[in-house]
Peer 1: 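Here it is: the structure, laid out below.
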Protein chains: 2
Amino acid sequence: MQPAIATPAIAKEFRSRLLTTSLRFKAGQVIFDEGQKATRWYEVVRGTVRTCRFHIDGRRHLTGFYFSGDVFGADYGYYSTAAEAVTDVTVQCYRVGDISQPGQPKPDLSEAVSILFRAMSSAQKYLFIVGHRTALEKLAAFLLCIHNQNNDDPHLLLPMSRADIADFLGLTIHTVSRTFTELAQRGLIKIEGRHSVVITDKTGLCRLAGEMDNFTNPSADGPIHPAAEFCFPKHPNPET
Amino acid sequence: MQPAIATPAIAKEFRSRLLTTSLRFKAGQVIFDEGQKATRWYEVVRGTVRTCRFHIDGRRHLTGFYFSGDVFGADYGYYSTAAEAVTDVTVQCYRVGDISQPGQPKPDLSEAVSILFRAMSSAQKYLFIVGHRTALEKLAAFLLCIHNQNNDDPHLLLPMSRADIADFLGLTIHTVSRTFTELAQRGLIKIEGRHSVVITDKTGLCRLAGEMDNFTNPSADGPIHPAAEFCFPKHPNPET
DNA sequence: CGCGAAGTTGACATCCGTCAACATGCGTGG
DNA sequence: CCACGCATGTTGACGGATGTCAACTTCGCG
């Protein structure tokens, strides 16, 4: 798992330069719908938000959870997912028009770029979680992700339902439930109610999730271009 | 599946305002490593790139494929994945410093924002694919994604290996292989070699993938805030 | 022609989805 | 405060899908 994404200083500094609106939604309310024109993006101030799509057969598929400080709705053109409030939430709403309309006076876009970088990191993180093979691995990675977002507090609050977790991890609520109890039986977590879990063996969870524990590669600190630079193709490859 | 992400006009227009370097890598070469400082981001000019992470047990996990026009490496802080050339590739390399160093003269960041939006859309798309439950659904969604990126040409070039596809979808090469033949037996695709597939029944593939065929929601064209706006919490919820 | 890498296919075991039953928690109303 | 009902969550049995292991085939390259 990559380190928790702290709000970059630059974003705080320039926050006032983008026009924002503060909004509140009650638990379960829709913030925007799939297919709507993506005219705004959002930052969670308080509470939890989920993004989801629906298959034609009615099955739901969640593509992300967003907590305080996270960004969602940064889509190009049309929203590819809907966004719903998991709990009562307060969000800050940024207008896309502020950056894409050539005529308008432009605010400092450093903040926008910074926000989008954070959103990218979040999406990458989720891709890694969902890509795991077994239910144990997926749930372990999921819990570690929440853990990191909560400043490594072993007491986790899981505001979402089992169904939400299942639809996010590509499992059923039954498997999610069974896997929770198995993690508890293995002594990795302690379940303290529907929305509360304590991590009792973080190393064990990391091993299950297959993650290097807080590993970064400080030696390779970004040389100009690690490998060869201008190398000409020797044998043809199938490519576009 | 969301519509293919066309390169926005604004990006083309302002392309020259960001400093870029054009680089080439041979098939298999590493472009950047997981854990390196994320000092650059990249756009594929020609060829195919994959991003990947490794579990502690050595298993590989791909988080994305990037084709001509796609953006990768837009990470905050450190690269959360490595990037490797699937085929011989030409990439354009953007320096992060160009937008985050306050002292420097700032280029027009509209392009950067536009690029990041596209990268976000791509990540969302991949999340949707990997989140499917069965191997058939995953592979169907994957093929449709490639299909859309190729301007809906039914002839698909799959430059990556079966192992790449497996590590991306969270399956094994055996299951991927079996699923390919099953899709062919069902008459949905025609396999024309290791790196070439023809889609013979797009509707059937869409049904498998659970996607609304090119569905957008033009009626709901983004009202200010679909649901209630300022609503105060009635009952306490577990949240951060 | 021969070798190794990549891909395919089959047999079998395991994991997870399905179905069903039950337990728990929560809100409402008595 | 308790009774009730519904939504949510848990657990078990079973079958099907997928990982594992193994054998074979195909392809590309020397």
Side-chain angles (χ1 to χ4, degrees), chain A residues 26-28 55 57-61 86-87 130-140 142 158-186 189-197 208 210 233-238, chain B residues 26-28 50 55 57-61 86-88 130-140 142 158-186 189-197 208 210 233-238:
Chain A
K26 280 204 273 193
H55 291 230
D57 58 12
R59 266 169 23 203
R60 191 181 62 154
H61 175 208
V86 174
T87 65
V130 177
H132 284 81
R133 292 243 177 88
T134 72
L136 270 172
E137 288 172 359
K138 283 183 181 178
L139 193 56
F142 177 73
L158 302 175
M160 69 293 290
S161 68
R162 297 288 189 262
D164 282 342
I165 298 175
D167 289 344
F168 175 61
L169 298 179
L171 302 168
T172 61
I173 55 171
H174 313 278
T175 304
V176 169
S177 185
R178 272 188 279 258
T179 308
F180 263 111
T181 56
E182 176 157 3
L183 285 177
Q185 285 171 349
R186 292 194 185 192
I189 63 173
K190 188 150 161 283
I191 301 172
E192 297 193 329
R194 296 187 173 182
H195 294 290
S196 176
V197 162
L208 258 187
K234 206 184 65 184
H235 46 79
N237 275 73
Chain B
K26 281 204 273 193
R50 65 177 173 241
H55 291 230
D57 58 12
R59 267 169 24 202
R60 191 181 61 155
H61 176 207
V86 174
T87 65
D88 295 344
V130 178
H132 284 82
R133 291 242 179 89
T134 72
L136 271 171
E137 289 172 1
K138 284 183 181 177
L139 194 56
F142 178 72
L158 302 175
M160 69 292 291
S161 67
R162 297 289 190 264
D164 283 343
I165 298 175
D167 289 345
F168 175 61
L169 297 179
L171 302 168
T172 60
I173 55 170
H174 313 279
T175 305
V176 169
S177 185
R178 273 190 277 258
T179 309
F180 262 112
T181 55
E182 176 157 2
L183 286 178
Q185 284 171 351
R186 292 193 185 193
I189 63 172
K190 187 150 161 283
I191 300 172
E192 298 193 329
R194 295 186 174 183
H195 294 290
S196 176
V197 163
L208 259 186
K234 207 185 64 183
H235 46 79
N237 276 74

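We name chains A, B, ... by the order of the sequence lines, and we start the count at 1 in each one.
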Peer 1: Please confirm whether any donor atom in the side chain of R162(A) sits under 3.5 Å from an acceptor in the base of dT10(D), or the reverse.
Peer 2: no
Peer 1: For V130(A), enumerate each residue passing the side chain to side chain contact (heavy atoms under 4.5 Å, CB included) test, keeping only those at least two apart in sequence or located in another chain.
Peer 2: F168(A), L127(B), V130(B)
Peer 1: State whether the distance check finds a donor on one side and an acceptor on the other, under 3.5 Å, for side chain R178(A) versus base dT18(C).
Peer 2: yes
Peer 1: Measure CG/L171(A) against P/dT18(C) and give the value in whole Å, please.
Peer 2: 11 Å
Peer 1: Tell me: CD1 of I191(B) to P of dA6(C), nearest whole Å?
Peer 2: 19 Å
Peer 1: With the side chain counted from C-beta on, respond yes when R60(B) and R50(B) share a heavy-atom pair under 4.5 Å apart, and no when they do not.
Peer 2: yes
Peer 1: How long is the span from the CG atom in L169(B) to the NE2 atom in H61(B), to the nearest 0.5 Å?
Peer 2: 9.0 Å
Peer 1: G170(A) or R194(A): which one's nearest nucleotide on DNA chain C is closer to the 5' end?
Peer 2: G170(A)
Peer 1: Report the distance from atom CD of E182(B) to atom P of dA17(D), rounded to the nearest whole Å.
Peer 2: 8 Å
Peer 1: Measure CG/D167(A) against C1'/dG17(C) and give the value in whole Å, please.
Peer 2: 14 Å
Peer 1: Please confirm whether the shortest side-chain N or O distance from T181(A) to OP1 or OP2 of dT11(D) is below 4.0 Å.
Peer 2: yes
Peer 1: Let me know the distance between CG of L169(A) and P of dG17(C), rounded to the nearest Å.
Peer 2: 10 Å
Peer 1: Would you check if the side chain of R162(A) reaches a backbone N or O of R194(A) as a donor-acceptor pair within less than 3.5 Å?
Peer 2: yes
Peer 1: Starting at CE of M160(B) and ending at P of dA6(C), how long is that distance when rounded to a whole Å?
Peer 2: 15 Å
Peer 1: Closest approach to the side chain of S177(A), judged atom by atom: which nucleotide of dC16(C), dT20(D), dG9(D) is it?
Peer 2: dG9(D)
Peer 1: Without decimals, in angstroms, what is the distance between R59(B) CZ and dG19(D) C1'?
Peer 2: 11 Å
Peer 1: Can you tell me how far apart CG (L136(A)) and CG (L208(A)) are? Round to the nearest 0.5 Å.
Peer 2: 5.5 Å
Peer 1: Whether the side chain of D88(B) engages the backbone of A27(B) through a donor-acceptor N/O pair (distance < 3.5 Å, no angle test) should be reported.
Peer 2: yes
Peer 1: Rounding to a whole Å, what distance do you find between D57(B):CG and dG19(D):C1'?
Peer 2: 14 Å
Peer 1: Can you tell me how far the CD1 atom of I173(B) sits from the CG atom of D167(B), to the nearest 0.5 Å?
Peer 2: 9.0 Å
Peer 1: Identify, between I173(A) and T172(B), the residue whose nearest nucleotide on DNA chain D lies closer to the 5' end.
Peer 2: I173(A)
Peer 1: How far does the helix from dC1(C)-dG30(D) to dG30(C)-dC1(D) bend, going by the axes of its first and last five pairs, to the nearest 10°?
Peer 2: 40°
Peer 1: Please confirm whether any donor atom in the side chain of H174(A) sits under 3.5 Å from an acceptor in the base of dT11(D), or the reverse.
Peer 2: yes
Peer 1: Can a side chain N or O of T175(B) be found less than 4.0 Å away from OP1 or OP2 on dT18(D)?
Peer 2: no
Peer 1: With a 4.0 Å limit, can you tell me whether S161(A) has a side-chain N or O closer than that to the phosphate oxygens OP1/OP2 of dT8(D)?
Peer 2: no
